[in-house]
Protein chains: 2
Amino acid sequence: MNKMQESENCKNCSCKTSIFSSLTPDELEQINQGRYTVNYKPGEILFKQGTPSPHFVCLTKGLAKLYIEGYGKNLILALVKPVDYIFGPGTYVDNRHYYSAAAVDETTACLVDVNIFKKLIRQNPDFAEEFIQRLSRQAIFNFDQVISLTQKQMPGRIADVLFYLREKIYGKNPFEISISRQDLADLSGMSKESSIRILKELKDEGILKVTGNTVEILNEKQLRQISQTG
Amino acid sequence: MNKMQESENCKNCSCKTSIFSSLTPDELEQINQGRYTVNYKPGEILFKQGTPSPHFVCLTKGLAKLYIEGYGKNLILALVKPVDYIFGPGTYVDNRHYYSAAAVDETTACLVDVNIFKKLIRQNPDFAEEFIQRLSRQAIFNFDQVISLTQKQMPGRIADVLFYLREKIYGKNPFEISISRQDLADLSGMSKESSIRILKELKDEGILKVTGNTVEILNEKQLRQISQTG
DNA sequence: ACATTCCATTGATCTATCTCAATAATGTGA
DNA sequence: TCACATTATTGAGATAGATCAATGGAATGT
């Protein structure tokens, strides 16, 4: 199971560089107080859709997926890597999670009491503004995703996911995907068989190089074209 | 074209009852200062996706649709009726609209300078919190919509839209839809021909009564069932 | 090393949904 | 009131994508 562990102070943590940059040392110390660190093994659930949401999660190591459990299958909303935090919309509505989160790789996360967070939002306008910016960016990302999922055909959707993985998650070009083909399918709203087939097609056309879990985008222009065409 | 008009004070406006309830009289007066009222005829555009977003919009009369212009077709994100306001995610990101808005019925809206809004967010924590709640609820709504669009078949999607129209927009059971069949299709992510066919099927099965633009849900339980089944 | 389990791959079939095309109905302006 | 334009409806054909079923590979535990 997960083991708890004492960790260093927030003040030295790389998390500080993201939204927390607008916090004063004193406020950061408050975050530090109501905080604990947890390790997760691949596949382990951080939290389940529908359960209460008493804290927000800051990922310090590893990779996690956020997914909605729908009718029979899942939709992966996003992957989360360090340093990023997970703050579901339920926190300000009914204190419930509206999606589940699970570790993909070996993952470490800090859990912080949500009330401290809310208090800081009220008392620090810079922090509040930063947070609203975050929510806004997320909403924009979701718009792009919806359009991709509802208006593009499978090759276009896979192309979008591949760009997402390269640019936002792994950040380099031959990249090794730690997510499964099923996850790839859940990211692009199709069956896993279809995701495999499309991947193979792109490989056969020389647009991708696929070796096991390593993917390289060979012909960026053409893949971009496929993303546009739908 | 649209005619500008002087209108009463925000203090007497029914808009006050929504998010603005947390504003002090003085703050409400600030909103009132940087505000003007515009009328739109059916079909007229309130703002276009991609254009700058210098104010937020408060709907005081009529009905508007918010839609993303995608690849060849539109996706309607939501319908907006009084008293509700439209605040796109671009405002806190790059000051661009990420969706378009158009009047469905004869519509009146108040446009308020977004900088006043942002200033009030910073100075009034209750208002900020209220606003974050709004964004959160919207995100949750979007989640439901994505799942409906990507994981349900056409009858389920139409069922969801019909419930949405009855509960959130028209608020009564035999309701007259002022939106077109194309809009219905854009709400449920299908072609207009398909939306018409599904509507007819539901009518033939006795679940709906459809006369022109008037729709009545006759068998709520069965329609709920269809929504669930996908 | 071997068995077991899970994940990836491939092929064949089936079906939900789109597209195209034709017709009907409704609204609109002169 | 009539012509024109827009929207709604219906049918037939084409297809993207799902599902089912079988097989191959890799990882894991004993």
Side-chain angles (χ1 to χ4, degrees), chain A residues 41-44 65 70-76 102 104-106 148-161 176-204 208-215 226 229-230, chain B residues 41-44 65 70-76 102 104-106 148-161 176-204 208 210-215 226-227 229-230:
Chain A
K41 282 201 266 293
E44 284 186 343
K65 60 178 175 181
Y71 295 82
K73 57 181 175 175
N74 297 335
L75 176 70
I76 297 182
V104 173
D105 300 338
E106 194 86 27
S148 178
L149 289 174
T150 59
Q151 304 197 346
K152 293 185 181 180
Q153 295 187 331
M154 295 196 296
R157 279 181 270 155
I158 288 286
D160 288 344
V161 170
E176 174 148 9
I177 54 174
S178 41
I179 61 172
S180 68
R181 301 301 148 113
Q182 181 64 61
D183 288 336
L184 203 63
D186 290 344
L187 271 166
S188 49
M190 63 185 71
S191 68
K192 78 173 178 305
E193 292 93 334
S194 290
S195 75
I196 289 169
R197 261 184 271 263
I198 302 293
L199 223 49
K200 186 177 146 72
E201 274 175 40
L202 293 173
K203 182 185 171 185
D204 290 347
L208 296 182
K209 185 175 166 199
V210 184
T211 324
N213 283 327
T214 305
V215 176
I226 288 171
T229 313
Chain B
K41 282 201 266 291
E44 285 187 344
K65 60 179 176 184
Y71 296 81
K73 57 181 175 174
N74 297 334
L75 176 70
I76 297 182
V104 173
D105 299 339
E106 193 85 26
S148 178
L149 289 173
T150 59
Q151 303 197 346
K152 292 184 183 183
Q153 296 186 328
M154 295 197 296
R157 279 181 271 155
I158 288 287
D160 287 344
V161 170
E176 175 148 9
I177 54 175
S178 40
I179 61 172
S180 68
R181 301 300 146 111
Q182 181 65 62
D183 288 336
L184 202 63
D186 290 344
L187 271 165
S188 48
M190 63 186 71
S191 69
K192 76 173 178 307
E193 291 93 334
S194 291
S195 76
I196 289 168
R197 262 184 271 264
I198 302 294
L199 223 48
K200 186 178 147 68
E201 275 176 38
L202 293 173
K203 182 185 171 186
D204 290 348
L208 296 181
V210 184
T211 324
N213 283 326
T214 305
V215 176
I226 288 171
S227 160
T229 312

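A note on names: the letters A, B, ... follow the listed sequences, proteins ahead of strands, and every chain is numbered from 1.
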pair B:Leu149-A:Leu149: side-chain heavy atoms closer than 4.5 Å: no

query: Does the side chain of B:Thr214 come under 3.5 Å of the side chain of B:Thr211 through a donor N or O and an acceptor N or O?
result: no

- prompt: Which atom pair, heavy atoms only, marks the closest approach of B:Asp160 to B:Ser148?
  reply: OD2-OG, 2.7 Å

query: How close or far is atom C1' of D:dT6 from atom CG of B:Asn213, stated in whole angstroms?
result: 14 Å

Boundaries of the DNA chain C segment in contact with chain A, non-hydrogen, under 4.0 Å: C:dA8 to C:dA12

query: Where do B:Ser178 and B:Val104 come nearest, in terms of heavy atoms and distance?
result: O-CG1, 3.8 Å

task: Check whether any side-chain heavy atom of A:Ile158 lies under 4.5 Å from a side-chain heavy atom of A:Ser195, and answer yes or no.
output: yes

- line: The reported gap from CG in A:Leu184 to CG in A:Asn213 (rounded to nearest 0.5 angstrom) is 10.0 Å

message: Over the length of the helix from C:dA1-D:dT30 to C:dT17-D:dA14, how much do the five-pair end axes diverge, rounded to 10 degrees?
response: 30°

- request: Quick one, give me the B/S/- string for nucleotides 24-30 of chain D, reading 5' to 3', where B means a protein heavy atom under 4.0 Å from the base and S means that only happens at the primed atoms, P, OP1 or OP2.
  value: -------

query: Between atom CE of A:Met190 and atom CZ of A:Arg197, what is the distance when rounded to the nearest 0.5 Å?
result: 11.5 Å

query: Any side-chain heavy atom of A:Gln182 within less than 4.5 Å of one from A:Asn74?
result: no

message: Just to be sure I understand the geometry, which residues of residues 193-203 of chain B put a non-hydrogen atom under 4.0 Å away from DNA chain C?
response: B:Glu193, B:Ser194, B:Arg197

task: Answer whether the closest heavy-atom distance between the side chains of A:Ile76 and A:Ile179 falls below 4.5 Å.
output: no

- prompt: Does any non-hydrogen side-chain atom of B:Arg157 lie less than 4.5 Å from one of B:Val161?
  reply: no

- prompt: For DNA chain D, what residues of residues 148-160 of chain B have any heavy atom nearer than 4.0 Å?
  reply: none

Qualifying salt bridge (charged side-chain N to carboxylate O under 4.0 Å, His left out) pairs with a residue from residues 176-190 of chain A, counting only residues at least two apart or across chains: A:Lys65-A:Asp183

Distance in angstrom units between B:Ile177 CD1 and D:dA8 C1', rounded: 11 Å

query: Do B:Gln151 side-chain atoms and A:Lys73 backbone N/O form a donor-acceptor pair below 3.5 Å?
result: yes

query: Nearest 0.5 Å, what's the CD1-CG distance between A:Ile196 and A:Leu199?
result: 8.5 Å

A:Lys209 and A:Lys203, any side-chain heavy atoms less than 4.5 Å apart: no

- prompt: For B:Ser180, which contact category applies under a 4.0 Å heavy-atom criterion: base, sugar-phosphate, or nothing?
  reply: sugar-phosphate

